[in-house]
Amino acid sequence: MSEATRSLNFIEHIIEDDLAAGFPKGGLRFRFPPEPNGYLHIGHASSICLNFGLGLRYQAPVNLRFDDTNPTKEEQEYVDAIKADVEWLGFRWDRECYASDYFGRLYQWAVDLIRLGKAYVDSQPSEEIARQKGTPTEPGTNSPFRARSVDENLLLFQEMKTGKHPEGTHVLRAKIDMASPNMLMRDPVMYRILHKAHHRTNTDWCIYPMYDWTHGESDYIEQISHSLCTLEFKPHRELYDWFLDQVAEAGKVRPKQREFARRNLSHTVVSKRKLLQLVNQGVVHGWDDPRMPTISGLRRRGCPPEAIRTFADTIGIAKRDNVVDVSLLEFHMREHLNKTAPRVMAVLDPVKVVVLNYPEGESEWVEAENNPEDPGAGFRKVPFSRELYIEREDFREEANRKYFRLKLGGEVRLKNAYIITAEHVVKDARGEIVEVHCTYDPKSLSGSGTEESLKKVKGTLHWVSVAHAMEAEVRLYDRLFSDPVPDQHKDRDFLEFVNPDSLQTVKAFLEPGLSEAKSGEQFQFQRLGYFCVDPDTTPAKLVFNRTVPLRDTWAKVEQQAE
RNA sequence: UGGCCCAUGGUGUAAUGGUAACACUACUGAUUUUGGUUCAGUCAUUCUAGGUUCGAGUCCUAGUGGGCCAACCA
């Protein structure tokens with residue numbers, strides 16, 4: 001879709017309206033404001049794509065700002081992981097900012113508010129303050145400390161800052177309206193005492209500002225024009241604006257908070273608590289397990305960052321509740337990988353084929369196209385010999401005409417090689433097929449141009465030469481949950497919906513050229529799916545992850561037959 | 001019981017008050033040395049009821065359904 005014809009989402013409409021009303025285009029500035037208290041997931045990716053996408057669209061800078069106001073939860077490790085994830089997604093931030101860089105400015109403004117009688121120190125326990133807050137349907141009541149004198153407030157606040165008081169003894173509150181229908185306007189807490197070292201400011205501060213007091217002012221300091229957040233922050237907007245009213249000066253950009261609905265992906269969970277549960281209970285092997293919806297999990301799975309970006313683009317942004325089907329993400333993975341991943345042959349569940357009339361002990365190297373979707377990808381050589389592996393499900397002793405694959409007395413094309421005919425099978429004591437004996441037509445070599453090579457054969461199979469094949473561990477991943485909305489069921493725990501077959505590990509046989517594959521490299525295993533080399537790979541052992549299978553219309557035909 | 005937000009195919013998103021569009025999924029068919037890709041096609045009385053208007057998915061009212069709000073979290 002071209003930029004010129006693409007329709008606008010509601011955020012872009014707001015920006016266009018602002019521009020039309022005279023806001024200078026050069027004043028546009030956005031930000032992505034993660035709290036460094038955990039790993040980024042697909043939901044964050046959507047927000048990242050929104051903000052950075054706007055930056056690209058309007059040629060405006062986008063800041064990466066860490067909302068680090070709570071030292072009890074935040075760590076440098078997460079800062080580093082978040083930066084790596086944003087970069088991996090392919091975005092460049094203008095400035096790397098930290099809310100903690102503004103602690104001094106925020107403190108000064110707070111002192112100003114106290115002087116103006118718009119903030120006071122409350123010395124009640126949190127339970128008492130909560131009780132006085134009222135409920136959504138009942139107004140709150142004023143704190144007995146609400147009328148404290150400016151001088152006493154100033155002194156107490158100063159003492160809170162320098163660590164004279166233990167945690168929980170005092171807080172600084174904005175003096176707004178305890179009867180407001182908006183609970184957030186009932187004298188919200190601006191600062192609490194925390195005797196904790198901060199990952200950046202260390203022990204400089206004994207008081208830390210709350211989100212509402214920090215976020216809007218940080219936007220203002222950075223001169224963010226449009227501050228986008230999820231819908232649950234809608235009620236915060238009134239407070240955001242109130243705080244801005246206290247500090248904003250004429251002539252400067254006044255940030256605007258706007259809310260959009262978070263994007264929900266089907267067949268997964270995204271809450272930190274639930275993700276942690278999956279890790280701790282061993283349902284998955286870690287935060288970067290390829291089944292996890294974390295950015296690091298998606299990366300390890302082999303999901304291309306381009307796929308996440310085009311995915312985010314197509315799902316758009318709006319204000320209603322939504323559950324985006326994971327199949328749309330899979331579509332974007334395939335779409336990108338189809339154009340970029342070299343094709344290769346691998347057999348995951350082998351049965352041996354013996355080509356009876358092919359000379360014993362001999363082999364030849366046949367030519368194979370690396371990617372029919374990319375003429376520049378070139379060709380490679382693949383070894384062919386008398387004994388081959390094909391997929392067990394590609395052979396049946398008998399089958400109807402809808403089955404295009406190999407059956408007794410039937411012909412099939414071996415991709416890039418010869419046409420073979422199945423003559424008979426060899427079974428073991430249990431009746432399991434161990435070998436399929438075939439004959440081949442020596443004149444039917446692919447690409448040789450002979451009449452035999454041009455023969456139309458319904459089925460084409462991938463294969464691998466037994467003598468040349470290399471073994472690898474292949475991890476076949478499927479959806480982690482069998483239910484589209486595992487955590488949306490009342491009375492059912494989300495863990496009940498864990499798919500027991502989300503990981504299947506098999507020993508596979510690959511064409512020998514794959515021996516040099518490096519961690520992260522991606523391939524299409526022909527007729528099977530897209531796979532990438534897992535970082536668990538060692539010189540002695542190759543490990544692949546299945547990113548996503550190919551679309552499989554045959555599987556559907558079979559399913560319907562049942 | 002209060003306040004605020006939302007409602008368009010199975011899913012997600014569009015549509016200056018003027019022919020309901022795009023993508024995915026599903027299903028048909030064509031092409032194909034990947035049952036992949038590609039191509040063509042099929043799938044909606046815009047939650048309900050009133051109102052304003054020549055004309056309403058869009059504006060107004062009410063109802064229905066869903067979501068959010070009572071951390072010294074963000």
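Since we're looking at a predicted model, the values are computed, not measured. What's counted below: heavy atoms across the whole structure, side chains too, no hydrogens, waters or symmetry copies.
Atom C1' of nucleotide C4(B) and atom CD of Gln257(A) are separated by 13 Å, given to the nearest angstrom. For the pair Leu328(A) CG and A26(B) P, the computed distance is 12 Å after rounding to whole Å. Protein atom CG of Leu239(A) is 15 Å distant from nucleotide atom C1' of C4(B), rounded to whole Å. One interatomic measurement links the two molecules: CD of Glu12(A) to P of U16(B), which rounds to 14 Å at whole-angstrom precision. In this structure, CG of Asn9(A) is placed 14 Å from C1' of A15(B), rounded to the nearest angstrom.
U58(B) sits 15 Å from C47(B) when the C1' atoms are compared, rounded to a whole Å. Across the P atoms, A62(B) and C39(B) are found 49 Å apart, a figure rounded to whole Å. Between the P atoms of G50(B) and G66(B), the separation comes to 23 Å (whole Å). Across the C1' atoms, U64(B) and U53(B) are found 26 Å apart, a figure rounded to whole Å. Only the C1' atoms considered, C68(B) is 22 Å distant from C72(B), to the nearest whole Å. Of the C1' atoms belonging to U13(B) and A40(B), the separation is 24 Å, rounded to the nearest Å. Nucleotides U45(B) and C4(B) are separated by 33 Å at their P atoms, to the nearest Å. Distance noted for atom C1' between G9(B) and A49(B): 23 Å (whole Å).
The backbone N or O of Asp67(A) lies less than 3.5 Å from no partner atom in the side chain of Glu35(A), so there is not a single donor-acceptor pair.
Residues Glu222(A) and Arg31(A) are not paired through a salt bridge, judged by the lack of any N-O separation under 4.0 Å between the basic side chain and the carboxylate. Comment: Glu452(A) does not engage Lys455(A) in a salt bridge, judged by the lack of any side-chain N to carboxylate O separation of less than 4.0 angstrom. Between Asp374(A) and Lys339(A), no side-chain nitrogen of the basic residue sits less than 4.0 Å from a carboxylate oxygen of the acidic one, so the salt-bridge criterion is not met. The existence of a salt bridge linking Asp187(A) and Lys133(A) is excluded, since no basic side-chain nitrogen approaches an acidic carboxylate oxygen closer than 4.0 Å. Under 4.0 Å is where a charged nitrogen must lie from a carboxylate oxygen, and between Glu167(A) and Arg192(A) no such pair does.
Ring centers of Trp463(A) and Tyr389(A): at least 6.0 Å apart, outside the cut-off. For an aromatic pair to be called close, the ring centres must be under 6.0 Å apart, and Phe331(A) with Phe311(A) fails this.
In terms of phosphate contacts, His13(A) brings no side-chain nitrogen or oxygen within less than 4.0 Å of OP1 or OP2 of U58(B).
Using the Watson-Crick or G-U wobble rule with both distances under 3.5 Å, G55(B) pairs with nothing in any strand shown. With a cut-off of 3.5 Å on both Watson-Crick or G-U wobble distances, the partner of G63(B) is given as C47(B). In this entry C24(B) has G10(B) as its Watson-Crick or G-U wobble partner, both defining distances falling under 3.5 Å. Pair assignment for G2(B) gives C69(B), based on Watson-Crick or G-U wobble hydrogen-bonding distances that are each under 3.5 Å. Under the Watson-Crick and G-U wobble criteria, each requiring two contacts below 3.5 Å, nucleotide A74(B) is left unpaired.
Base orientation of A40(B): anti (glycosidic angle beyond 90° from 0).
Between Tyr240(A) and Glu217(A), the side chains place no donor N or O within less than 3.5 Å of an acceptor N or O (distance only, hydrogens not considered). If you check the side chains of Glu391(A) and His462(A), you find a donor sitting under 3.5 Å from an acceptor.
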*Quick one: what's the B/S/- string for nucleotides 65-74 of chain B, heavy-atom cutoff under 4.0 Å, read 5' to 3'?*
-SS-SB-BSB

*Reading nucleotides 31-44 of chain B 5' to 3', which nucleotides get B (base under 4.0 Å from a protein heavy atom), which S (sugar-phosphate only), which -?*
--BBBBS-------

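For the pair Arg173(A) and Tyr120(A), the NZ or CZ position fails the cation-pi test of under 6.0 Å to the six-membered ring centre and within 45 degrees of the ring normal.
Annotation: of the two residues near RNA chain B, Ala318(A) and His332(A), the 5′-most nearest-nucleotide partner is Ala318(A).
Using a 4.0 Å heavy-atom criterion, one finds that Lys556(A) contacts the sugar-phosphate atoms exclusively.
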